[in-house]
Amino acid sequence: MNRRLFLQRNAAVLSGPATAVADPVAATAQQDPPETVSRYANKALPTGLSRATSTLAPYTGPWGNAQAAHLLRRSLFGPTRPEILAAAGSNLTAVLNGLLAAPAVPAPPVNVSATDTSVPIGQTWVGQVFDQNFEGVRRTSLRSWWLGQLLGQGTSLAEKMTLFWHNHFVVELADIGDARMGYEYCRLLRQHALGNVKQLAKDVTVTPAMLRYLNGNQSTTGAPNENYGRELLELFTVGKGPLIGPGNYANYTEADVQAAARVLTGWRDLGTPPVSSYFTASRHDNTAKVFSSAFGGASIAGNGASEYQDLVNLIFQQVETARFLVRKLYRWFVYYVIDAQVETDIIRPLATLLVQNGFEVAPVLRALLSSEHFFDVLNMGCLIKSPLDFTVGLCRQMQVVFPPASTVTVQYQMWEYLNSLAFVQQQTLGDPPNVAGWAAYYQTPQFHELWINAVTLPRRNQATDLFISTGYTRSGVKIVIDVLALAQSLPAITASDCNLLIDEFVRLMVPIPLTTNQLAFLKTALLPGLPDFEWTVEWQQYLAAPTNTAKKAAVTTKLQAMLRALMGLAEYHLS
């Protein structure tokens, strides 16, 4: 496969004008941005390309910066240079052990607005009674807090997997109307992020946010609501399979949706603190539910409050359920094309492994992320970063310093601002566009190419330009890329040599090698028309007199120009 296929396309259509967004409040008040698709996106799935034919055999090749960076780029939101160096100095097994270790449970979000008078600034609101007057600021607090978890992820897969499950077991926070239920949903996803997907499917079925989002709280024996039963089968577990008749698919039928809806009757959400769900027997259809031949004609007997667990158990007995889940993991971590070879050599063995491990997801992630297939050169640098990967990764890789918890209001404001940047790039944390999740993970044939269009590419460029130059200021605090601190964090010999300096930033920021012409372009941005030694002289002069305004400005503007040029390359958008 030619990984530069996207990069070689005419990009003129992507450079349309857009207004810079500096105010997160103004940004979030806008209408949802249009889901514009570039005219250069796939019109059909790629065929005839040479794709990786490697297998799940353990990777035994070289282990160094390139391999460590690839693993961390896919597992984290923008690995930092120290994180990559630490991983490269270790080994694959040890790095995976760290990535798959369950991190400490984060403290809940807190109140940072004078509007919410239920608790003081800096204390959590998640256990308070519902109040519509406070709902807006609580939801903003929740989104900001969640963004803060991505920034502070450490070297753990937990946050990337929490977002994966959010995109899978979708709830739209804006639709449920209770930020406390939204927090409980987020807590549940994070609890099971690296754990058991079967148990997560059971728990999310009756979590208050899901009951409200897909109308389970309205489902009664006299009027079973089919919304959740349908999505449980179609999107969350077994998937459709081929169409075999009007409304019927190979993996389930309309009769199965109706039977599932009857199983799920009787559950309601409870808003009294702490938020929870409860079962009312009188609202539940306790008769036997018979499923189609897709489920072997199985029957679920009346079992009251435990019946939903019987339903999930039945669904997870189906061979296609594990395969459906593994395909989504593959598209999240590796690539969107699943051809016959990948299905045979990657998807099906991983699905078997998932079943053998009782639906614990960690063994599957370990097998995939330690395989020769994952480290195949054709699977490196072949994904387009999501807006959250791009925005959070920009700040993490450039080691932008955020306000500490001691100034919690400003800290949350800065996290809110990053959410506004992702929003205008068409990914809103906590609010996928619909129950199927973000289209880039399922919409064939475009998949991740949907992230780049005439609306989003200028927004990305505006974000990088802003952070490189003036930064964003709020409440007297600035977040900005400190180019001098970045350069000084490198070995002295690297920082003082223009070629080594550029190479180091390229290794950190792009996943595939640049061409000779591209490297020359970056050097021209750093040293326009000047010989190489000029950088060494100017850098040494700055180090000798760091408070000298002229000498500081000379190296600062050159570093900013080089980084701006590097972030303007198409390769910077790849992972």
Side-chain angles (χ1 to χ4, degrees), residues 20 22 78-85 151 390-404 406-407 410-411 413-414 417-418 421 460-510 514 518-569 572:
T80 66
R81 182 174 177 272
E83 288 169 345
I84 294 172
L85 290 176
L151 274 174
F390 182 86
T391 303
V392 177
L394 165 67
C395 293
R396 294 192 81 251
Q397 287 198 320
M398 296 294 97
Q399 299 183 46
V400 174
V401 177
F402 283 79
S406 58
T407 56
V410 184
Q411 182 186 59
Q413 288 173 346
M414 294 307 187
Y417 177 67
L418 294 193
L421 294 181
R460 291 183 178 215
N461 293 338
Q462 288 162 5
T464 54
D465 285 350
L466 180 71
F467 275 107
I468 290 171
S469 56
T470 60
Y472 174 71
T473 301
R474 188 167 179 182
S475 299
V477 177
K478 178 186 288 189
I479 51 174
V480 67
I481 296 172
D482 187 339
V483 293
L484 295 178
L486 278 174
Q488 287 179 291
S489 70
L490 303 176
I493 192 172
T494 300
S496 63
D497 183 302
C498 65
N499 296 297
L500 295 178
L501 176 75
I502 291 170
D503 286 346
E504 196 64 38
F505 279 109
V506 167
R507 285 207 305 168
L508 172 66
M509 297 166 63
V510 298
L514 297 184
Q518 286 175 314
L519 293 173
F521 166 69
L522 295 178
K523 187 189 291 187
T524 299
L526 182 71
L527 291 172
L530 299 175
D532 289 6
F533 72 81
E534 190 67 28
W535 171 256
T536 305
V537 170
E538 290 194 15
W539 182 250
Q540 295 297 342
Q541 288 177 343
Y542 161 69
L543 292 180
T547 59
N548 184 290
T549 302
K551 298 183 187 306
K552 182 177 181 179
V555 291
T556 297
T557 54
K558 289 180 172 59
L559 286 169
Q560 288 174 332
M562 187 272 291
L563 283 176
R564 186 178 291 107
L566 179 52
M567 291 176 180
L569 297 178
Y572 180 63

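From a predicted model like this one, the values you see are computed outputs, not experimental measurements.
- Annotation: side chain of Thr407 is not in contact with side chain of Val477 (no heavy-atom distance under 4.5 Å).
- One finds the CZ atom of Arg460 at 14.0 Å from the CG atom of Asp465 (value rounded to the nearest 0.5 Å).
- Here the shortest heavy-atom pairing between Ser475 and Gln413 reads OG-OE1, 2.9 Å.
- For Thr464, the side chain to side chain contact (heavy atoms under 4.5 Å, CB included) test picks out Phe390, Leu394, Met567, Tyr572, with sequence neighbours left out.
- Note that CZ of Arg81 and CD of Gln399 are 9.0 Å apart. Values are rounded to the nearest 0.5 Å.
- Checked against Leu566 for a side chain to side chain contact (heavy atoms under 4.5 Å, CB included), the options Val506, Ile468, Ile502 give a single hit: Val506.
- Put simply, the side chain of Trp539 reaches to within 4.5 Å of the side chain of Leu484, judged on heavy atoms.
- In this structure, the side chains of Phe505 and Met562 come closer than 4.5 Å at one or more pairs of heavy atoms.
- For the side chain to side chain contact (heavy atoms under 4.5 Å, CB included) test with Leu486, the passing option among Ile481, Leu508, Leu559 is Ile481; the others fail.
- Taking each heavy atom of Trp535 and Ala495 in turn, the nearest pair found is NE1-O, 2.8 Å.
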Q | Stepwise side chain to side chain contact (heavy atoms under 4.5 Å, CB included) check, Tyr417 with Arg474 | A | CA-CA 9 Å; Tyr417 177 67; Arg474 188 167 179 182; 5.7 Å; no

Q.
The test is side chain to side chain contact (heavy atoms under 4.5 Å, CB included); show your working for Leu421 and Tyr472 and say whether it passes.
A. CA-CA 11 Å; Leu421 294 181; Tyr472 174 71; over 6 Å; no

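- The OG atom of Ser489 sits 8.5 Å away from atom CD of Glu504, with the distance rounded to the nearest 0.5 Å.
- Proximity of Ser469 to Arg564: side-chain heavy atoms (C-beta onward) are separated by under 4.5 Å at one or more points.
- You'll find the side chain of Val480 stays beyond 4.5 Å of the side chain of Thr470, heavy atoms only.
- You'll find the side chain of Leu569 reaches within 4.5 Å of the side chain of Leu514, heavy atoms only.
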Kindly list each side-chain donor-acceptor pair under 3.5 angstrom involving residues 542-557, sequence neighbours excluded, with atom names and distances?
from: Asn548; atom 1: OD1; to: Ala550; atom 2: N; distance (Å): 3.1
from: Asn548; atom 1: OD1; to: Lys551; atom 2: N; distance (Å): 3.0
from: Thr556; atom 1: OG1; to: Lys552; atom 2: O; distance (Å): 2.7
from: Thr557; atom 1: OG1; to: Ala553; atom 2: O; distance (Å): 2.9
from: Thr557; atom 1: OG1; to: Ala554; atom 2: O; distance (Å): 3.2

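- Thr536 places a side-chain N or O within donor-acceptor distance of the main-chain N or O of Ser496, the cut-off being under 3.5 Å.
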Without placing hydrogens or testing angles, list every side-chain donor-acceptor pair under 3.5 Å for residues 522-529, not counting sequence neighbours.
from: Lys523; atom 1: NZ; to: Asn499; atom 2: OD1; distance (Å): 2.8
from: Lys523; atom 1: NZ; to: Asp532; atom 2: OD1; distance (Å): 3.3
from: Lys523; atom 1: NZ; to: Asp532; atom 2: OD2; distance (Å): 3.3
from: Thr524; atom 1: OG1; to: Ala520; atom 2: O; distance (Å): 3.0

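- Counting only heavy atoms from C-beta outward, the side chains of Cys395 and Leu151 approach each other to under 4.5 Å.
- Across every non-hydrogen atom of Leu501 and Ala487, the tightest pair is CD1-CB, 4.5 Å.
- Contact of the Val400 side chain with the Met414 side chain is not registered, since no non-hydrogen atoms from C-beta on lie closer than 4.5 Å.
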